[in-house]
Asks: 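Dropping the structure in here first, questions after.
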Amino acid sequence: MKYYIKTFGCQMNFNDSERIRGILQSMGYEPAESWEKADLILINTCTIREKPDQKVYSHLGEYKKIKEKNPKALIGVCGCLAQRMGQELVQKAPMVDIMFSSFNMHRLPELIQQAQGGYKAIALLENPPEDEDKLWEYPTVKDNQFCAYVTVMKGCDKNCTYCVVPKTRGRQRSRSLESILSEVKALVEDGVKEIHLLGQNVTAWGQDLGIPFEELLYQVASIEGVERIRFTTGHPKDLTENIARAMGQITQVCEHLHLPVQAGSSRILKLMDRGYTKEEYFEKIDMLKHYVKGITFSTDIIVGFPTETEEDFEQTLDVLKRVRFEQVFSFKYSPRPDTPAYFMEGQATDEVKTQRMTRLLNIQKEILSEIAKAYKNTEQEVLIEGFEKGKLVGRTRTNRWVNLEGDESLLGKIVKVRVIESKPFSMEGELLEILA
Ligand code: 5AD
Ligand code: SF4
């Protein structure tokens, strides 16, 4: 039996798919080369904005053809759209045989059995079940041999007014330290060098266990073989001085942080219920720069939030100019059903959003080309992750991609390179030394 998974959305969703692959492979399923050859097609969905919603329906339209060739083939939908839409999704898409959310991934084996028996197997719950930790008993199946995501918490308690996540992934719950560390140990034994801790709001990890997040960093760092640590996504409000200090002290923690600002205007930030002002965001950035020498940042920005004026938007541009992010993920505000912002007055037109987005991208392009220039002739530590177009590729500690000449023996190695050419989205390096 063969499976095919199509994943949309964030890194959490991708890590969920890696776990689902682990579940399926422990049931004897093997990966299919394409959806046409699969006996089970799963779409792991995202619903953060309207666009990913639409993509799911168009893929379902395509995938249903599988049943003409292989009437026993099953189609499943999981993840955030499944959780948000519930039964309505099956009514809209009757070809769906299996449906579950991130709360119920561990129940996949019984759902498959049910569907094979000819029933619609739908497992959706309002809240996470008591036994959801069973999920961690399954391994993950990953594409990247050397860098691994490890989900350390689920859900989010922040309630940003634009965001659907607290509804689709539930309340914040931390995975136990023991469970995380045992997965990290297993990964390292498997040859993984870089551990990327994941959570919708990862810096809040441990609040429900009475353990500060920095303790998790120290514990992961103490495992032999962990060469690099990253974590995503940190919320500015939970990024304490103790975390910043730990980031600076722990040599394996990379000098890069994704710290979503969302908007520059403190008035808009208040409407978003982000819990910080523009000035407070700058204070966090300064604090991080103080403790973590050479740290770089990336961010998420929403343009055209309800009532955003020209002046508000200029505050966002000001944040870009002052922080000089190495990467900016920008999104047009997309009203999500049943979120507070959906009901706010002053929704911006698509024209305004597009125009502001274009301006933002142009400014970021300029900033990025200056940042890229500054990398030229610097020495960087790179973890070689794979081959692309005949060249080795890896990332610097500051999260930039580097290509260099070399052979397979360098895969998984941490090397020192000199940057000989640097463009906004890629750099060329020459090997100086193998470090580890
Ligand atoms: N509209 C547009 N962007 C959104 N994001 C979250 N919700 C919305 C929305 N309703 C963005 C935020 C978040 C990223 C993952 O997606 O910037 O950080
Ligand atoms: Fe999409 Fe948010 Fe769900 Fe991730 S958590 S898949 S971004 S809706």
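In this text the structure is predicted, and so the values were computed from the model without any measurement. Both counts, for ligands and for their atoms, begin at 1 and track the order of listing.
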Asks: Inspect the contact between R169 and D16 and indicate whether a charged nitrogen and a carboxylate oxygen are less than 4.0 angstrom apart.
Replies: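 Counted as a salt bridge, because a side-chain N and a carboxylate O are separated by less than 4.0 Å.
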
Asks: Look at ligand 2 and say whether Q200 reaches it with a heavy atom at a distance under 4.0 Å.
Replies: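 Right, Q200 reaches ligand 2.
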
Asks: Based purely on interatomic distance, does Q262 place a nitrogen or oxygen under 3.5 Å from a nitrogen or oxygen of ligand 1?
Replies: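 In this structure, Q262 places an N or O atom under 3.5 Å from an N or O of ligand 1.
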
Asks: Looking only at distance, does R49 have an N or O less than 3.5 Å from an N or O of ligand 1?
Replies: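 By distance alone, the answer is yes.
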
Asks: Taking heavy atoms and a distance under 4.0 Å, where does I48 meet ligand 1: side chain, backbone, both or neither?
Replies: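 I48 to ligand 1: contacts from backbone and side chain alike.
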
Asks: Any atoms of ligand 1 less than 4.0 Å from a non-hydrogen atom of S334? List them with their elements.
Replies: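 Selected atoms, number and element: 1 (N), 2 (C), 9 (C), 10 (N).
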
Asks: Between CD of Q380 and OG1 of T398, what distance do you get to the nearest 0.5 Å?
Replies: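 So the gap between those two atoms works out to 5.0 Å.
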
Asks: Using the ring of Y3 (Phe, Tyr or Trp, six-membered ring only), decide whether R21 places NZ or CZ under 6.0 Å from its centre and within 45 degrees of its axis.
Replies: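 Ring-cation test returns no.
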
Asks: Backbone, side chain, both or neither: what part of F331 comes under 4.0 angstrom of ligand 1, heavy atoms only?
Replies: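 Answer for F331: side chain.
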
Asks: For atom 3 (Fe) of ligand 2, grab the closest protein heavy atom and report residue, atom and distance to one decimal in Å.
Replies: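 Result: C80 SG, 2.2 Å.
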
Asks: Would you call the rings of Y162 and F305 parallel, tilted or perpendicular if under 30° counts as parallel and over 60° as perpendicular?
Replies: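 Correct class here is perpendicular.
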
Asks: Is it the case that the ring center of H258 lies less than 6.0 angstrom away from the ring center of F231?
Replies: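 Ring centres of H258 and F231 not closer than 6.0 Å.
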
Asks: What protein heavy atom sits nearest atom 1 (Fe) of ligand 2, and how far away is it?
Replies: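 Going atom by atom, the protein heavy atom closest to atom 1 (Fe) of ligand 2 ends up being C46 SG, 2.3 Å.
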
